[in-house]
Amino acid sequence: MRRETGHDPLHHASILPRSFFNRDPREVSAELLGKLIVRRERGKLLAGRVVEVEAYLGADDLAAHAAAGRTERNSVLFGPPGHAYVYFIYGVHYCLNISCMPEGEAGCVLVRAMEPVSGIEEMAKARGLSDLDFGSARNLRLLASGPGKLCEALDITRARDNDKDMVSPRCDLQVMEDGYLVGKVGITQRIGITKSAEMPLRYVVAGSPFVSVKIKN
DNA sequence: CAACCGATCACCT
DNA sequence: GGTGATCGGTTGC
């Protein structure tokens, strides 16, 4: 298995300002592509570049957890922007969202897939895939090509991470930017929902092999 | 390779 | 008591 280089892969990276998330989730979604999700734990640095997200809006979006109003579970969505909203789904998986909009207004971006950048061995271990050879993109994409996989790779759980401030310099779960620019952005319907399913709110880096599913037109 | 299915939890009605 | 912003293994074209 290939080793990480000694040089810090986030040397040129900086934390996004909170204002980045203080607006409509659709704007945030388009610009979040190419940014970095960073996990720091036990002296290790785990990071991936976002290649797929979905926007979830407020009361008009019946697929959003916030649609029925504020509850104890979804209260993070109504809090300040830039916080992690983590929920448990289908009895098996966690999903990571980042809250958007000013405090008091709901909205978020679901982080659905990322290209692994740093801490490949750690992520593989967390995914139970330590035996694979990650020299090939074919295996590399197994690490975080879906919201549940991404959370497993970064060891994200509701108990541990819900409501964490992802734009705080001291947080062990952060969003960063390093000047990387994505190419063409594709927009499709969201995955796996039934209500408000027709709205085109899924944003992917066109041609990336690290996205979850390719949607046929 | 598409389609189906089981796992099995938190939340809301 | 029903539902769901998923995944991975299996089945059957």
Side-chain angles (χ1 to χ4, degrees), chain A residues 21 24-26 28-30 32-33 37 48 50-79 81 83-101 106-114 116 123-132 134 138-163 166 173 175 186-205 209-217:
Chain A
F21 294 100
D24 190 292
R26 286 164 287 205
V28 177
S29 289
L32 196 60
L33 296 176
I37 303 295
V50 177
V51 297
E52 174 181 347
V53 298
E54 285 177 359
Y56 285 86
L57 316 178
D60 296 335
D61 180 4
L62 297 181
H65 285 184
R70 184 175 191 149
T71 66
E72 188 174 350
R73 176 213 201 186
N74 68 20
S75 63
V76 174
L77 297 176
F78 294 84
H83 283 238
Y85 172 55
V86 181
Y87 64 89
F88 197 56
I89 190 77
Y90 299 128
V92 186
H93 302 285
Y94 292 97
C95 292
L96 170 68
N97 304 255
I98 307 176
S99 63
C100 301
M101 301 293 280
C108 68
V109 174
L110 168 65
V111 187
R112 287 191 49 90
M114 65 182 189
M123 289 193 256
K125 194 173 167 186
R127 293 271 297 114
L129 300 172
S130 296
D131 295 339
L132 295 185
F134 292 100
R138 184 183 176 78
N139 282 341
L140 203 54
R141 82 171 290 282
L142 298 177
L143 292 177
S145 57
K149 298 178 193 177
L150 184 152
C151 283
E152 192 171 52
L154 296 180
D155 196 18
I156 291 170
T157 66
R158 175 174 153 85
R160 180 184 184 191
D161 299 302
N162 190 45
D163 201 25
M166 295 185 69
L173 183 63
V175 206
I187 303 179
T188 75
Q189 294 183 353
R190 294 174 292 185
I191 306 287
I193 59 169
T194 53
K195 300 175 222 167
S196 296
E198 65 295 336
M199 308 177 83
L201 296 176
R202 173 174 176 256
Y203 301 73
V204 301
V205 174
F210 298 99
V211 302
S212 59
V213 283
K214 318 270 183 190
I215 298 283
K216 37 209 178 278
N217 288 350

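No experiment lies behind these values; they were computed from the predicted model shown.
If you check every strand for non-hydrogen atoms under 4.0 Å, A:Asn97 touches a base. A:Thr194 comes within 4.0 angstrom of sugar-phosphate atoms only, judged by non-hydrogen atoms across all strands, and of no base.
Comparing B:dC9, B:dC12, C:dG8 against the side chain of A:Phe88 picks out B:dC9 as the nearest. The side chain of A:Arg73 has B:dC11 as its nearest neighbour among B:dT13, B:dC11, C:dG4. Nearest to the side chain of A:Ile191, among C:dA5, C:dT6, B:dC12, sits C:dT6. Here the side chain of A:Pro147 is nearest to one of C:dA5, C:dC7, B:dA10, namely C:dC7.
Atom-to-atom, CG of A:Leu142 to C1' of C:dT6 comes out at 15 Å; the value is rounded to the nearest Å. In this structure, CZ of A:Arg26 is placed 18 Å from P of C:dA5, rounded to the nearest angstrom. Residue A:Met199 contributes atom CE, which lies 14 Å from atom C1' of C:dA5 at whole-angstrom precision. Put simply, CG on A:Asp61 is 15 Å from C1' on C:dG4, counting in whole angstrom units. Taking atom CD1 of A:Ile156 as the reference point, atom C1' of C:dT6 lies 15 Å away to the nearest angstrom. Counting to the nearest Å, the P atom of C:dT3 and the OH atom of A:Tyr90 are 12 Å from each other. Summarising the geometry, the separation between CZ on A:Arg127 and P on C:dT6 is reported as 15 Å, rounded to the nearest angstrom. Atoms NE2 (A:His65) and C1' (C:dT6) sit 12 Å apart, rounded to a whole Å.
Under a 4.0 Å N-O distance rule, the pair A:Asp61/A:Lys195 does not qualify as a salt bridge. Taking a cutoff of 4.0 Å between a charged side-chain nitrogen and a carboxylate oxygen, A:Arg127 and A:Glu152 qualify as a salt bridge.
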Please, what dot-bracket string fits DNA chain B when only Watson-Crick and G-U pairs with both distances under 3.5 Å count, crossing ones use [ ] and pairs to another strand use |?
|||||||.||||.
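Nucleotides C:dG8 and B:dA10 are separated by 22 Å at their C1' atoms, to the nearest Å.
For the pair A:Arg202 and C:dA5, the criterion of a side-chain N or O lying under 4.0 Å from OP1 or OP2 is not met. OP1 and OP2 of C:dT3 both lie 4.0 Å or more from every side-chain N or O belonging to A:Lys195. Within the structure, every side-chain polar atom (N or O) of A:Arg70 is placed at least 4.0 Å from both OP1 and OP2 of B:dC11.
Across A:Ala106 and A:Ala66, no two heavy atoms sit closer than the pair CB-CB, 3.4 Å. Between A:Thr157 and A:Val86, the closest heavy-atom pair is C-CG1, 3.7 Å.
Between the side chain of A:Tyr87 and the base of B:dA10, no donor-acceptor pair of N or O atoms lies under 3.5 Å.
Taking the nucleotide of DNA chain B with the nearest heavy atom to each of A:Arg158 and A:Val92, the more 5' of the two is matched to A:Val92. Summary of the strand contacts: A:Gly192 and A:Glu152 both lie near DNA chain C, and taking for each the nucleotide with the nearest heavy atom, the more 5' one is attributed to A:Gly192.
Between A:His65 and A:Tyr85, the ring-plane angle classifies as perpendicular under the 30° and 60° cut-offs.
A:Ser145 places no side-chain N or O within 3.5 Å of a backbone atom of A:Ser212 that could act as its donor or acceptor partner. Although no hydrogens or angles enter the test, the distance criterion places a donor-acceptor pair under 3.5 Å between the side chain of A:Arg160 and the main chain of A:Asp155. Using a distance-only test at 3.5 Å, with no hydrogens or angles considered, no donor-acceptor pair links the side chain of A:Glu52 to the main chain of A:Val205.
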